[in-house]
Amino acid sequence: MSYTKDDIIRIADENDVEFIRMQFTDIFGQLKNVAITRSQLNKALNNEIMIDGSSIEGFARINESDQYLYPDLDSFAILPWRPQHSKVARFLCDVHNPDGTPYVGDPRNVLKRELEKAKAMGYEFDVGPECEFFLFETDEVGRPTTNTQDEAGYFDLAPIDHGSDTRREICLNLEKLGYEIEASHHEVAKGQHEIDFKYGEALATADKIMTFKLAVKVLAARNGLHATFMPKPLYGVNGSGMHINMSLFKDGKNIFFDENGDRKLSKEAYSFIAGILAHIKGITAITNPLVNSYKRLVPGYEAPCYLAWSASNRSALIRIPASRGAATRVELRCPDPSCNPYLALAVCLAAGLDGIEKGMTPPDEITENIFEMSAETRRMAGIESLPGTLKEALDAMSADELITSVLGDHVFEQYIAGKTAEWDEYRTQVSEWELKKYMVTI
């Protein structure tokens, strides 16, 4: 829905909106906000709400800290889970410099730049995410645990699915925000859930992912639960992913579909796949940004860790779901929900477009279960692995000139610095596993 400033003032007045959250996202995918009252709405609509960027990790230096929030008027929404008197609304905002230019460190701006490149080529980039998360109990003072009374597995339902009521409440609230919920269900692990919403234009979808994560956490907490998008919170069970389904449209038609093509896929579809595979090692530090992300990307738990594609094989990194026509899409299965969706979609699009521009050809399809292959069989088939640690992923990203250029100097440098510090902090820790393993025996 498209809004004008007058529309927003009218809606705010008619709906008793007294509080507005000016939301934006930092480089590492954390949703931030400045809250204002109704009296400041005109100021906000004129792009006059200022923030101190130097206080936000990875944003501005102290000598260039003044930045302004430019609300995306079409993102204006009343939050349905907040009180229905003196209501709370929100804007999703771009971050700008005092001179009005877009701030280079704003992740939303990174995605916008790449979408402009696609637009210049005649393409619209549509995306559908599949977001998984865990619901855990909290302790007597409200701190999260890893306990769940849930006994359900894949597609099970109540009463053994103890999170079904919370999941239903999340879906209903998201629909009030304009989401089209396509499916929700219990996932493989105890306490694990998935909610899928309809694909859409990439920027709007990235915005929806950020709001989705907020809604899940807020509504879970209301029900005495803790929701986490941590990729691998429990040893020995499946982790949480966020598969990304991608399509390119031109003149209203899905260009990945070709009625006469092999598997009814177009040359552009194959080149897009090839581009993703060519850059996937450089992408992984963005799509899988945590130390913990790489504990999900191991064989045996359905998460892909080998560089291959298939029209049906779910052990492959890239899968082409069976739907054809307007629904033809490329599914990248490695991303997890801890990623910054703006950066993740930007680098995926850039990689795919690079494949199209260079006319790349992907390797042969792998139809066998890659997890069951021996290392020698994989080597003979030319199947490489994703980076095995965050450090390996950061090194691969640094070596990929396309990915670093998409991020831009500021975002790249700040991202590398922040994630290197995270890796260094992790590798110097002494874990409970190490104490149990070595304290007595060594």
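Values below: every heavy atom of this structure, side chains too, minus hydrogens, waters and symmetry copies.
Residues Val330 and Phe256 have side chains in contact (heavy-atom distance under 4.5 Å, counting atoms from C-beta outward). Using a 4.5 Å cut-off on side-chain heavy atoms (C-beta onward), Glu365 and Arg263 make contact. Looking at heavy atoms from C-beta onward, Tyr235 lies out of side-chain contact with Lys295 at the 4.5 angstrom threshold. Glu194 has its side chain out of reach of His186: every pair of non-hydrogen atoms, C-beta onward, lies at least 4.5 Å apart. Contact annotation: the side chain of Asp336 approaches that of Pro289 to within less than 4.5 Å [non-hydrogen atoms, C-beta and beyond]. Residues Cys348 and Ile276 meet the side-chain proximity criterion, which asks for heavy atoms closer than 4.5 Å. Put simply, the side chain of Arg296 reaches to within 4.5 Å of the side chain of Asn288, judged on heavy atoms. The closest side-chain heavy-atom distance from His410 to Tyr103 is below 4.5 Å.
Atom CG of Asp139 sits in a crowded spot, with more than 12 heavy atoms from other residues, nucleotides or ligands closer than 6.0 Å. Few gaps surround CZ on Phe412; more than 12 heavy atoms of other groups in view lie less than 6.0 Å from it. More than 12 heavy atoms of other residues, nucleotides or ligands sit less than 6.0 Å from atom NZ of Lys213.
Of the possible polar contacts, one joining the Asn340 side chain to the Ile27 backbone as a donor-acceptor pair under 3.5 Å is found. Glu132 places a side-chain N or O within 3.5 Å of a backbone atom of Gly241 that can act as its donor or acceptor partner. Remark: the backbone N or O of Thr328 is paired with a side-chain donor or acceptor of Ser247 at under 3.5 angstrom. The closest donor-acceptor contact from the side chain of Asp354 to the backbone of Ala350 lies at 3.5 Å or more, if one exists at all. The closest donor-acceptor contact from the side chain of Thr138 to the backbone of Gly224 lies under 3.5 Å. Judged by distance alone, with hydrogens and angles left aside, the side-chain atoms of Thr148 form no donor-acceptor pair with the main-chain N or O of Lys190 at under 3.5 Å. Remark: side-chain polar atoms of Asn292 are paired, donor with acceptor, to backbone N or O of Lys232 under 3.5 angstrom. A donor-acceptor pair under 3.5 Å is formed between the side chain of Thr404 and the backbone N or O of Glu401. Side chain of Trp309 to backbone of Pro363: a donor-acceptor contact under 3.5 angstrom is found. Although no hydrogens or angles enter the test, the distance criterion places no donor-acceptor pair under 3.5 Å between the side chain of Asn147 and the main chain of Glu137.
In this structure, Trp423 has its ring center no closer than 6.0 Å to that of Tyr294.
A salt bridge links Lys281 to Glu384: at least one charged side-chain nitrogen sits closer than 4.0 Å to a carboxylate oxygen. Salt bridge annotation for Lys437-Glu434: absent, with no cationic side-chain nitrogen under 4.0 angstrom from a carboxylate oxygen. Salt bridge Lys117/Glu357: present, at least one basic N to carboxylate O contact under 4.0 Å. Taking the charged nitrogens against the carboxylate oxygens, Arg379 and Glu376 do have a contact shorter than 4.0 Å, which makes a salt bridge. Between Arg319 and Glu331, at least one side-chain nitrogen of the basic residue sits less than 4.0 Å from a carboxylate oxygen of the acidic one, meeting the salt-bridge criterion.
Note: Phe133 and Phe229 have tilted aromatic rings, judged against thresholds of 30 and 60 degrees for the angle between ring planes. Ring-plane geometry between Phe272 and Phe125 is classed as tilted, the angle between the planes lying from 30 to 60 degrees on a 0 to 90 degree scale.
Checked against side chain to side chain contact (heavy atoms under 4.5 Å, CB included), Ser385 has the following partners two or more places apart in sequence or in another chain: Tyr306.
Nearest heavy atom pair, residue Lys176 against residue Pro80, reads CD-CB, 3.8 Å. Here the shortest heavy-atom pairing between Asn254 and Ala326 reads ND2-O, 3.0 Å. In terms of heavy-atom proximity, Gln192 sits nearest to Asn238 at NE2-O, 4.0 Å. Here the shortest heavy-atom pairing between Thr361 and Ala274 reads C-CB, 3.5 Å. Taking all atoms of both residues into account, the shortest heavy-atom contact from Ala77 to Leu177 is CB-CD2, 3.7 Å. Tyr123 and Ile255 make their closest contact through CE2-CD1, 3.4 Å (heavy atoms, listed as atom of the first residue, atom of the second, distance).
Between Ile283 and the choices Val406, Ile403, Leu343, the side chain to side chain contact (heavy atoms under 4.5 Å, CB included) rule is met once, by Ile403.
The line from CG of Asn223 to OG1 of Thr166 is 3.5 Å long, rounded to the nearest 0.5 Å. Atom CD1 of residue Ile51 and atom CG of residue Leu69 lie 4.5 Å apart, to the nearest 0.5 angstrom. Put simply, NZ on Lys267 and CG on Asp258 are 11.5 Å apart, with the number rounded to the nearest 0.5 Å. To the nearest 0.5 angstrom, Met210 atom CE is 4.5 Å from Leu31 atom CG. Distance check: Thr101 OG1 to Asn109 CG gives 9.0 Å after rounding to the nearest 0.5 Å. Here Ile356 contributes atom CD1 and Ser271 contributes atom OG; the two are 6.5 Å apart, rounded to the nearest 0.5 Å.
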Derivation of the side chain to side chain contact (heavy atoms under 4.5 Å, CB included) call for Phe24 and Asp106: CA-CA 9 Å; Phe24 60 100; Asp106 179 11; 5.7 Å; no
Stepwise side chain to side chain contact (heavy atoms under 4.5 Å, CB included) test for Leu214 and Gln23: CA-CA 11 Å; Leu214 175 65; Gln23 298 177 342; 3.8 Å; yes
Trace of the salt bridge (charged side-chain N to carboxylate O under 4.0 Å, His left out) decision for Glu169 with Arg222: CA-CA 10 Å; Glu169 188 175 347; Arg222 176 182 289 179; 3.5 Å; yes
Derivation and outcome, side chain to side chain contact (heavy atoms under 4.5 Å, CB included), residues Thr145 and Arg143: CA-CA 7 Å; Thr145 71; Arg143 292 176 299 200; over 6 Å; no
Cys305/Phe371 under side chain to side chain contact (heavy atoms under 4.5 Å, CB included): CA gap, chis, key distance, verdict: CA-CA 9 Å; Cys305 47; Phe371 296 142; 4.2 Å; yes
